Amino acid sequence: MPDRKIISFHHSAENLKPIQFCRTVREGPMEADHSVTHLFYLYFILDGDGWLDGRDGVEGRRADCRFGKGDILCLYPGVSGTFHFEGRHSEWCWLSIEVGNNREFGRWKEMSGQITVLEGGIRPEVGDLLELLNDETLEERGSAYRVMGLLYTLVDAVFAQTLRTQLKELSGSGDLESVTRAVEYINLNYYHKIDVDSICRYVNYSRYYFSRRFKEMQGLSITEYINKVRLDRAVYLLSHTDLNILQVAKSVGFEDPYYFSRRFKSYTGITPSAFRENCRS
């Protein structure tokens, strides 16, 4: 018998609304249709291999690809098709996001109708997050807000990988390489006092020129991206640690807890304290 569970989250945040997470286990060769084309999908191949017989609904082109255990498939809006699993045992998770007009996923929206395969993308940190999600959603024991924190962290980890992959596939211009370096620098140093000027000095570009190029390629300004990384980490810390609000704020790079609270509410729709209470309920 197939083991399949879909967990849906509809909350007041403007960035991941609505979001769904599903884990599926099947025995024997099988096919699975992918027909919802207005959402962004991540498929995590936990076991088994096969291929996607896909089609780009935007321009009508074929969009085929092979996949194997440990890969992540990023299906951008507009892609449809059929998954063909070849082995005797197949196991995968999928996560869907309604991107809408949200700036947080500006880079993904530009890739409409395309597929990115992250070979070996289920790295240890991603695998750990998937296991935690499975534990939280098993028999609906977990808190929806703790699950939301895991989903934010998971999406952020995959987002960084897709950006690196997409930039490698494009021409090796200095601007693309510099944006990649800046993103990696922010992801590693978000808890320090970093700002637009320090990022521009790091990549050795003028503030005006690099800020414009970063937003063109990333879909967010440098400041917006720094805040996104910090707030994604804050969501995780609030839902999975006992750090108080001030400690969380300082841990992710916000010196002013009041400013942190305002940014957090703008990002998730509720205050940090309310989010923490919901995680514990």
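Quantities reported herein were computed from a predicted structural model and do not represent experimental measurements. Both backbone and side-chain heavy atoms feed into the values below; hydrogens, waters and symmetry mates do not.
- Proximity of I199 to F210: side-chain heavy atoms (C-beta onward) are separated by under 4.5 Å at one or more points.
- Ring geometry, Y259 versus F254: the interplanar angle falls from 30° to 60°, so the pair is classed tilted.
- When the side-chain hydrogen bond (donor to acceptor under 3.5 Å, both in side chains) test is applied to R181, no partner is found at least two apart in sequence or on another chain.
- The residues E216 and R212 are annotated as salt-bridged, a charged nitrogen and a carboxylate oxygen being separated by less than 4.0 angstrom.
- Residue F260 forms a side chain to side chain contact (heavy atoms under 4.5 Å, CB included) with just one option from L246, N227, L231, and that option is L231.
- Y205 and I194 fall within a single hydrophobic cluster, where Ile, Leu, Val, Met, Phe, Trp and Tyr are joined by side-chain heavy atoms under 4.5 Å apart, directly or via other members.
- Considering every non-hydrogen atom in both I245 and S273, the closest pair reads CD1-N, 4.0 Å.
- Residues C200 and R207 meet the side-chain proximity criterion, which asks for heavy atoms closer than 4.5 Å.
- Within 6.0 Å of CD on E119 lie no more than 12 heavy atoms contributed by other residues, nucleotides or ligands.
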Give the C-alpha distance, both sets of side-chain angles, the deciding distance and a yes or no for side-chain contact (heavy atoms from CB on, under 4.5 Å) between F275 and S239.
-> CA-CA 8 Å; F275 186 91; S239 55; 3.9 Å; yes

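- Contact record, L243 with S251: CD1-OG, 4.0 Å, taken as the closest heavy-atom pair.
- The nearest pair of heavy atoms linking V179 to M217 is CG2-SD, 3.5 Å.
- Between the side chain of R230 and the backbone N or O of V252 there is at least one donor-acceptor pair closer than 3.5 Å.
- I222 CD1 to F214 CZ: the interatomic distance, rounded to the nearest 0.5 Å, is 5.5 Å.
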Step-by-step side-chain contact (heavy atoms from CB on, under 4.5 Å) determination, L95 to F40 | CA-CA 8 Å; L95 185 154; F40 175 85; over 6 Å; no

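- How far CG of L39 is from OH of Y76: 15.0 Å, rounded to the nearest 0.5 Å.
- Put simply, the side chain of H89 reaches to within 4.5 Å of the side chain of V25, judged on heavy atoms.
- Contact of the N189 side chain with the H192 side chain is registered, since non-hydrogen atoms from C-beta on lie closer than 4.5 Å.
- With hydrogens and angles left out, the side-chain atoms of T223 and S221 include no donor and acceptor closer than 3.5 Å.
- Within the 4.5 Å cutoff, side-chain heavy atoms of E91 are placed close to those of R23.
- Atoms CD1 and OG, from I270 and S261 in turn, are 11.5 Å apart once rounded to the nearest 0.5 Å.
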Take D47 and S90 through the side-chain contact (heavy atoms from CB on, under 4.5 Å) test and state the conclusion after the steps.
-> CA-CA 5 Å; D47 197 10; S90 302; over 6 Å; no

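- With sequence neighbours excluded, the residues satisfying side-chain hydrogen bond (donor to acceptor under 3.5 Å, both in side chains) with D33 are T82.
- Taking the centre of each ring, F83 and Y43 come in below the 6.0 Å mark.
- C22 is listed as a side-chain neighbour of T24, based on a closest heavy-atom distance under 4.5 Å.
- Rounding to the nearest 0.5 Å places CG of D256 at 8.5 Å from NZ of K250.
- At least one side-chain heavy atom of D53 sits under 4.5 Å from a side-chain heavy atom of H84.
- In this structure, S198 contributes its side chain and D195 its backbone to a donor-acceptor pair below 3.5 Å.
- The distance from atom SG of C65 to atom CG of L52, rounded to the nearest 0.5 Å, is 4.5 Å.
- Under the 4.0 Å criterion applied to side-chain N and carboxylate O atoms, R26 and E31 are not assigned as salt-bridge partners.
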Check against side-chain contact (heavy atoms from CB on, under 4.5 Å), F264 and T271 | CA-CA 6 Å; F264 189 92; T271 64; 5.8 Å; no

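- Put simply, I45 and W51 are part of two different groups of oily side chains (I, L, V, M, F, W, Y) that touch within less than 4.5 Å, one to the next.
- Salt bridge absent: K69 and D49 never bring a charged side-chain N and a carboxylate O closer than 4.0 Å.
- A donor-acceptor pair is defined here as one N or O able to donate and one able to accept, closer than 3.5 Å; such a pair exists between the side chain of D71 and the backbone of G120.
- For the pair L42 and C74, the tightest heavy-atom approach, listed with the atom from each and the gap, is CD2-SG, 3.6 Å.
- In this structure F85 satisfies the ring-ring contact (aromatic ring centres under 6.0 Å, His included) test together with F67, W92, sequence neighbours excluded.
- Two residues are said to be in side-chain contact when any heavy atoms from C-beta on lie closer than 4.5 Å; V248 and P272 fail this criterion.
- A salt bridge does not link R88 to E27: none of the charged side-chain nitrogens sits closer than 4.0 Å to a carboxylate oxygen.
- Side-chain contact check for Y225 and N187: at least one donor-acceptor pair (N or O, by modelled atom type) lies under 3.5 Å.
- Distance NE2/H34 to CG/L73: 10.0 Å, rounded to 0.5 Å.
- Within a 6.0 Å radius of CG in D197, other residues, nucleotides and ligands contribute more than 12 heavy atoms.
- The side-chain tip of R233 points at the ring of Y190 from less than 6.0 angstrom away and within 45° of straight on.
- The pair D232-K228 meets the salt-bridge criterion, since a charged nitrogen lies less than 4.0 angstrom from a carboxylate oxygen.
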